[in-house]
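The block underneath contains the structure these notes are about, expressed in C-alpha cells.
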Amino acid sequence: QVQLVESGGGLVQAGGSLRVSCAASGRTGNWYAMGWFRQAPGKERELVAAINWSGGSTYYADSVKGRFTISRDNAKNTMYLQMNSLNPEDTAVYYCAGRRDITWSIRPSEYGDWGQGTQVTVSS
C-alpha cells in the first residue's frame with residue numbers, strides 16, 4: 001500500500017505563488033505515474049497536472065498551462081506543483097494521486113492512491 005501526504009498549501013494573494021509537495025511512502029513499484037487534482041466547493045474533482053513515472057512527460061489542464069509546473073524527484077519519492085500567477089479561480093483543495101502505470105490518466109477513478117488533500121486559497 002502507498003501513502004501519499006501533501007504539504008505546502010495555504011493562503012496567498014492573487015498574483016502570488018505557492019508550491020505544494022506530495023511525499024510517497026510504501027511500495028510504489030518501478031512504474032508509478034502521479035497527478036494533482038483539485039476540487040472546489042460544488043464542483044467535480046478535476047485533473048490539474050500529471051507526470052509519468054520518469055518525469056519525462058507531463059500534462060496540464062488548459063486553465064493552468066503556463067502558470068503551473070509539475071515535477072518529481074524519484075530519489076526522494078516526492079512530487080511537486082509550483083503554482084505561479086495564482087487567481088481566485090484556483091482556490092480549491094488540491095489532492096495528490098498515484099497509479100501503478102507508466103503514464104497518467106485524466107480520470108480520477110483510475111488512480112488507486114490518494115492523499116488527504118491540502119487547501120489552497122487565493123484572495124482577490
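For the numbers below, each heavy atom of this structure counts, side chains included, while hydrogens, waters and symmetry mates do not.
- Partners of Tyr94 under the ring-ring contact (aromatic ring centres under 6.0 Å, His included) rule, at least two apart in sequence or in another chain, do not exist in this structure.
- Asn87 contributes no side-chain N or O that, together with a main-chain N or O of Ala14, makes up a donor-acceptor pair within less than 3.5 Å.
- Between Trp104 and Tyr59, the ring-plane angle classifies as tilted under the 30° and 60° cut-offs.
- Following chains of ILVMFWY side-chain contacts shorter than 4.5 Å, one cannot reach Leu47 starting from Tyr32, and the two form parts of different hydrophobic clusters.
- Contacts classified as salt bridge (Lys or Arg N to Asp or Glu O under 4.0 Å) and involving residues 79-92 (residues at least two apart or in different chains) are given here: Arg38-Asp90, Arg67-Asp90.
- Between Met34 atom CE and Thr58 atom OG1 the span is 14.5 Å, to the nearest 0.5 Å.
- Here the closest heavy-atom approach between residue Ala49 and residue Leu81 is recorded as CB-CD1, 4.1 Å.
- No donor-acceptor pair under 3.5 Å is formed between the side chain of Asn74 and the backbone N or O of Asn77.
- Side-chain atoms of Ser17 never come within 3.5 Å of backbone atoms of Asn84 as a donor-acceptor pair (strictly under, hydrogens ignored).
- In terms of the side chain to side chain contact (heavy atoms under 4.5 Å, CB included) criterion, residue partners of Thr91 (sequence neighbours excluded) are, by chain and number, Gln119, Thr121, Val122.
- Atom CD in Gln39 sits 9.5 Å away from atom CD in Glu46 (nearest 0.5 Å).
- Remark: Thr69 pairs with no residue by the side-chain hydrogen bond (donor to acceptor under 3.5 Å, both in side chains) rule, at least two apart or across chains.
- The cationic atom of Arg45 (NZ for Lys, CZ for Arg) lies less than 6.0 Å from the six-membered ring centre of Tyr95 and within 45° of the ring axis.
- Residue Trp53 is found in a hydrophobic cluster whose other members, listed by chain and number, are Trp31, Ile102; membership requires side-chain heavy atoms under 4.5 Å apart, directly or through intermediates.
- Under the rule for a side chain to side chain contact (heavy atoms under 4.5 Å, CB included), the partners of Ala40 that lie at least two apart in sequence or sit in another chain are Lys43, Ala92.
- Residues passing the side-chain hydrogen bond (donor to acceptor under 3.5 Å, both in side chains) test with Ser7, sequence neighbours excluded: none.
- Side-chain contact between Met83 and Val20 is present, with heavy atoms from C-beta onward closer than 4.5 Å.
- Identified under the salt bridge (Lys or Arg N to Asp or Glu O under 4.0 Å) test for residues 49-66, with sequence neighbours left out: Asp62-Lys65.
- Applying the disulfide bond (SG atoms under 2.5 Å apart) test to every pair with at least one member in residues 29-60, sequence neighbours left out, gives no pairs at all.
- In this view, Ser71 satisfies the side-chain hydrogen bond (donor to acceptor under 3.5 Å, both in side chains) rule with no residue, not counting sequence neighbours.
- Sorted by first and then second residue, the salt bridge (Lys or Arg N to Asp or Glu O under 4.0 Å) pairs with a member in residues 107-121 read Arg99-Glu110, Arg100-Asp113, Arg107-Glu110; sequence neighbours excluded.
- Ring pair Phe37/Trp114 is tilted by interplanar angle, where 30° to 60° counts as tilted.
- For residues 3-115, the pairs satisfying disulfide bond (SG atoms under 2.5 Å apart) are Cys22-Cys96, with sequence neighbours left out.
- Checking side-chain atoms of Gln116 against main-chain N and O of Val5 turns up no donor-acceptor pair under 3.5 Å.
- Note: the hydrophobic cluster containing Tyr60 also contains Met79 (ILVMFWY, side chain heavy atoms under 4.5 Å, direct or indirect links).
- Residue Thr28 comes nearest to Ala24 through the heavy atom pair CG2-CB, 4.4 Å, listed as atom of the first residue, atom of the second, then distance.
- Clustering ILVMFWY residues whenever any of their side-chain heavy atoms sit less than 4.5 angstrom apart, transitively, puts Tyr111 in a cluster other than the one holding Ile70.
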*asked:* Determine whether Tyr80 and Asp73 satisfy the following criterion, side-chain contact (heavy atoms from CB on, under 4.5 Å), listing intermediate values before the conclusion.
replied: CA-CA 8 Å; Tyr80 307 95; Asp73 184 340; 4.2 Å; yes
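- Residues Leu4 and Val93 fall into different hydrophobic clusters, defined by Ile, Leu, Val, Met, Phe, Trp and Tyr side chains chained together at heavy-atom separations under 4.5 Å.
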